[in-house]
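Notes follow once the structure below has been shown.
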Amino acid sequence: MVRYPGLYNGGVRDTEAGAEEIWMQMLRRQTPGERLTRAVELSEAVRQMFLANVQHLDEATQRRRLAEACYGAEAAERMFGK
């Protein structure tokens with residue numbers, strides 16, 4: 001089995017080695033455009049999950065929290081002020 005440094009943090013693995021290798025082979029066969037599309041889709045899914053957890057807040061606070069999560073508190077301060 002091929003190992004991918006930095007891909008895992010040494011925690012509990014829930015995928016069998018054979019299934020993991022099949023997944024990695026599938027990823028290697030994708031074109032750069034397909035990889036980019038997948039990355040954008042996954043990023044949007046994470047963004048939507050984050051916003052679902054702060055939906056009880058007003059829109060301005062949601063945007064600030066998202067900026068903090070994505071870019072850090074210092075960058076959010078520059079974007080939104082203190």
Do NZ/NE/NH1/NH2 and the carboxylate oxygens of Arg63 and Glu59 come within less than 4.0 Å?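 Salt bridge flag = yes for Glu59 with Arg63.
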Let me have the donor-acceptor pairs involving side chains of residues 43-58, under 3.5 Å, with sequence neighbours excluded, atom names and distances please.
| residue | atom | partner | partner atom | Å |
| --- | --- | --- | --- | --- |
| Ser43 | OG | Ala39 | O | 3.0 |
| Glu44 | OE2 | Gln48 | NE2 | 2.7 |
| Asn53 | ND2 | Met49 | O | 3.0 |
| Asp58 | OD1 | Ala60 | N | 3.2 |
| Asp58 | OD1 | Thr61 | N | 3.0 |
| Asp58 | OD1 | Thr61 | OG1 | 3.1 |
| Asp58 | OD2 | Thr61 | OG1 | 2.8 |

For residues Glu68 and Arg65, determine if any side-chain heavy atom of one lies less than 4.5 Å from a side-chain heavy atom of the other. yes
Quick one, Leu27 and Gln30 - any side-chain contact, counting heavy atoms below 4.5 Å?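 Yes. Closest side-chain heavy atoms under 4.5 Å.
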CZ (Arg35) with more than 12 external heavy atoms under 6.0 Å: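 Yes, because the 6.0 Å sphere around CZ of Arg35 holds more than 12 heavy atoms from other groups.
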Atom OH of Tyr71 with >12 non-hydrogen neighbours under 6.0 angstrom: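 Count not over threshold, so no.
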Looking at Arg64 and Gly81, would you say the former's side chain and the latter's main chain have a donor-acceptor pair under 3.5 Å?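 Checking the backbone N and O of Gly81 against the side chain of Arg64, a donor-acceptor pair under 3.5 Å is found.
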Closest non-hydrogen atoms of Lys82 and Glu77, given as atom of the first, atom of the second and distance, are CE-OE1, 3.5 Å
To the nearest 0.5 Å, what is the distance between CD on Glu74 and CE on Met79? 10.5 Å
One should read off an interatomic distance between Glu34 CD and Met26 CE, to the nearest 0.5 angstrom, of 9.5 Å
Let me check something: do Val40 and Leu42 share a hydrophobic cluster, defined by ILVMFWY side-chain heavy atoms less than 4.5 Å apart, either directly or through other members? no
